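Since the structure comes first, as structure tokens, the remarks are kept for the end.
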Amino acid sequence: MEKPEQLVFGLDIGTRSIVGTVGYKQTLNDFTVVAQEVKMHETRAMMDGQIHDISKVAETIEQVKRSLERQVGRKLNEVCIAAAGRVLKTVTTEAETEFLQETTVTAEMIRALELVGVENAYQRIKEETRGGGINYYCVAYTVIHYYLNGFQISNLEDHKANKIGAKVLATFLPDEVIDGLYTAVEKAGLKVANLTLEPIAAIQVAIPEKFRLLNIALVDVGAGTSDISITKDGSIVAYGMIPMAGDALTEVLAGAHLVDFATAEEIKLAAGTKKKTIAYKDIMGLPQKTTPAKVREELLPVMERMAKLVAEQILELNGGKPVSAVFIVGGGGKFPDYIECLAKHLGLPKERVALRGEEVLSFVRFLQEDIKKDPILVTPIGICLNYYEKKNNFIFVTVNGESVKLYDNNKLTVIDAAMQLGFPNEYLFPRRGKELNFTLNGNKRMVRGEAGEAAAILVNSRPGAANTQIQANDEITIQESTVGKAAEYEVRQLPEYRSAISFIVNGKQVVCPKFILANGHMVSGYYSIKEGDELSILGYYTLGQLLEFMDIPYTENILVNHMAAGKDEKVYENFMVECPLLNEAEDLGDIIASQPMSKAETEKELPSEENKTKGRELMVIVNHTPVVLRGKETYCFVDVLDFYPFDSSKAHGAEVVMTRNGEKAAFTDKLEAGDELELYWK
């Protein structure tokens with residue numbers, strides 16, 4: 001049969017054997033295995049999934065490679081491999097981002113949120129391994145759940161939120177594990193095309209995505225380790241491992257029958273067949289016999305212990321609750337009694353724990369007629385399939401002159417390289433200036449500083465951004481982000497600044513501006529609020545302040561709420577003031593103030609007949625004191641001298657200082673309603 005141009009070569013480098021698979025994928029739901037080869041290690045060059053003798057492992061890889069090359073009739077140069085779960089560290093963390101106001105969530109916000117979770121996980125790994133001399137690399141992460149305003153949601157993008165969150169499962173491998181695998185493969189004359197994790201490879205085949213909504217455990221029982229994965233709500237939510245598998249059974253038989261490891265392995269495999277007796281020679285060269293039933297009886301205690309450890313790990317990874325079902329793959333899981341032991345320790349019916357071999361390999365076609373669809377093939381085929389899904393590998397890039405090693409998940413960005421280097425995440429994004437904290441009427445207020453500039457990023461000398469995708473050998477330069485301007489806020493920017501207070505004077509409503517105090521001192525709207533300031537917007541006038549605002553002299557017969565009052569009496573909102581002097585005035589309209597806080601109302605013209613003689617009123621604030629100007633259609637700064645007591649006949653200093661709304665002014669400057677003026681000698 002004619003083979004396609006591109007063939008995928010996958011190697012499952014196990015503790016007892018190396019399984020090589022060559023195949024191809026033409027449609028979404030099929031995979032064709034062209035050639036398959038299994039080679040046992042001649043020595044214990046690997047233990048518990050870890051390479052101990054790189055040269056010996058490389059020799060076995062080369063033997064598998066040459067056999068497969070003969071079968072397919074072409075040279076094999078690249079290979080896909082997987083790292084064992086024994087050295088895998090997983091961390092589940094949560095990340096959260098709050099917004100000052102309701103915000104539409106973008107893809108960039110989600111990406112930043114996820115990376116905060118990964119960074120939190122990385123910091124935990126560093127703390128847990130502090131002083132161990134081992135460098136760990138994040139090889140993959142999975143978002144278990146997103147949260148919108150505290151509620152779980154499947155997709156955050158385009159939703160409006162005050163707060164978003166994510167629960168992230170991050171996986172890490174130590175550097176020496178990757179280096180050992182790469183070195184063994186390279187010594188065999190191959191280049192790594194893709195690296196994945198054994199639990200991920202196994203779950204790729206054994207639990208398709210359509211089943212991941214269910215709470216299922218996958219146990220890959222090899223020779224040295226039992227790797228565990230948990231699915232729930234459509235995601236892989238946990239990985240785990242126990243350092244006990246098929247070799248533990250073999251070691252028991254070696255001691256019980258006084259044989260070497262290889263002979264004990266043969267006895268173990270024969271116990272799973274229909275043979276009535278098992279013949280072997282012990283280390284003394286004497287012929288011996290046993291039965292499968294006897295072997296199973298000898299192995300039952302260790303089988304119980306192994307199943308108990310796996311069950312405890314599953315329960316721990318699943319939050320203390322039993323899973324709905326368990327799928328078992330790998331050669332170690334085929335031994336009689338294992339399924340029953342595991343089901344018992346999990347408290348599950350036996351039918352809920354099952355070997356997955358032929359059932360999950362139904363989409364796989366083998367060109368070799370003698371190949372049996374077996375659980376041992378699940379992981380190597382998963383390694384091949386992972387090539388099509390992610391095409392992962394380790395790559396090297398340069399960041400600010402330093403070489404950085406990254407696990408390539410086909411979507412690496414500048415931020416991934418920066419994080420691996422240890423470049424602080426906050427130095428990539430705009431940093432806000434110092435916030436301003438103060439109190440207003442006893443309530444805490446905070447004004448955020450301005451956002452700075454994002455990091456200046458170059459990728460291969462071209463402008464880039466934090467989310468710019470990167471490839472092997474890229475040269476990245478990052479100039480850290482800047483801190484924005486510290487928060488600045490003036491009293492006039494307070495929403496409450498334009499508020500007013502009204503009183504009833506002789507049955508007429510008088511509307512006045514509220515006074516604002518900063519640390520007990522009256523300030524203007526142009527006062528720049530300082531850190532820790534205590535601001536108050538007074539809800540009252542003293543009687544003296546009210547009379548001064550209305551240009552009425554104080555007399556002792558003025559009443560507040562029908563009672564005699566002094567100048568310091570506090571007059572609150574809608575208090576009634578009775579002023580005999582005001583009743584004697586010829587025209588109340590000449591005394592009663594209009595609303596000074598609204599420009600439209602302050603500039604409102606009087607009736608046309610009156611306007612011919614009186615003009616319009618205009619309220620300004622002079623040296624923090626409200627002053628009403630009357631009698632003209634328009635007003636200049638010099639008109640203030642007719643209504644505000646200022647001694648201009650002789651100098652009290654070198655010059656007169658005049659400002660309008662914080663800027664230098666002249667006597668001829670036109671005034672507008674609400675202008676804040678300063679007038680004093682310097």
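These figures come from a predicted structure and were not determined experimentally. Values reported hereafter were calculated over all heavy atoms of this structure, with side chains retained and with hydrogens, waters and symmetry mates removed.
For Lys530, the salt bridge (Lys or Arg N to Asp or Glu O under 4.0 Å) test picks out no residue, with sequence neighbours left out. Under the ring-ring contact (aromatic ring centres under 6.0 Å, His included) criterion, Tyr540 pairs with Tyr572, not counting sequence neighbours. Applying the salt bridge (Lys or Arg N to Asp or Glu O under 4.0 Å) rule to Asp474 yields no partners; only residues at least two apart in sequence or on another chain are considered. Residues passing the side chain to side chain contact (heavy atoms under 4.5 Å, CB included) test with Leu213: none are found, sequence neighbours excluded. In this structure, Tyr239 has no ring-ring contact (aromatic ring centres under 6.0 Å, His included) partners at least two apart in sequence or on a different chain. Under the side-chain hydrogen bond (donor to acceptor under 3.5 Å, both in side chains) criterion, Thr542 pairs with Gln545, not counting sequence neighbours. With sequence neighbours left out, Glu663 forms a salt bridge (Lys or Arg N to Asp or Glu O under 4.0 Å) with no residue at all. Remark: Glu548 engages no residue in a salt bridge (Lys or Arg N to Asp or Glu O under 4.0 Å) (not counting sequence neighbours). Under the rule for a side-chain hydrogen bond (donor to acceptor under 3.5 Å, both in side chains), His521 has no partner lying at least two apart in sequence or in another chain.
Put simply, CD1 on Ile236 and CD1 on Ile200 are 6.0 Å apart, with the number rounded to the nearest 0.5 Å. Here the CG-CZ distance, from Asp639 to Phe667, works out to 10.5 Å after rounding to the nearest 0.5 Å. To the nearest 0.5 Å, the span separating CD1 on Ile529 from CG on Asn437 amounts to 11.5 Å.
Each salt bridge (Lys or Arg N to Asp or Glu O under 4.0 Å) pair with one or both residues in residues 564-575, not counting sequence neighbours, would appear here, but there are none. For residues 445-465, the pairs satisfying salt bridge (Lys or Arg N to Asp or Glu O under 4.0 Å) are Arg445-Glu496, with sequence neighbours left out. Every pair tested for ring pair (Phe, Tyr, Trp, His ring centres under 6.0 Å) that includes a residue from residues 420-457 fails, sequence neighbours excluded, so the list is empty.
A perpendicular orientation is assigned to the rings of Tyr541 and Phe549, their planes being inclined by more than 60° (bins at 30° and 60°).
Looking only at side-chain heavy atoms (C-beta outward), Leu679 and Val657 stay at 4.5 Å or farther from each other. Put simply, the side chain of Ile476 reaches to within 4.5 Å of the side chain of Ile470, judged on heavy atoms.
Side-chain contact check for Asn661 and Asp675: at least one donor-acceptor pair (N or O, by modelled atom type) lies under 3.5 Å. For the 3.5 Å distance criterion, the side chains of Glu114 and Tyr146 qualify, holding a donor opposite an acceptor.
A donor-acceptor pair under 3.5 Å links the side-chain atoms of Thr106 to the main chain of Met109, judged by distance alone.
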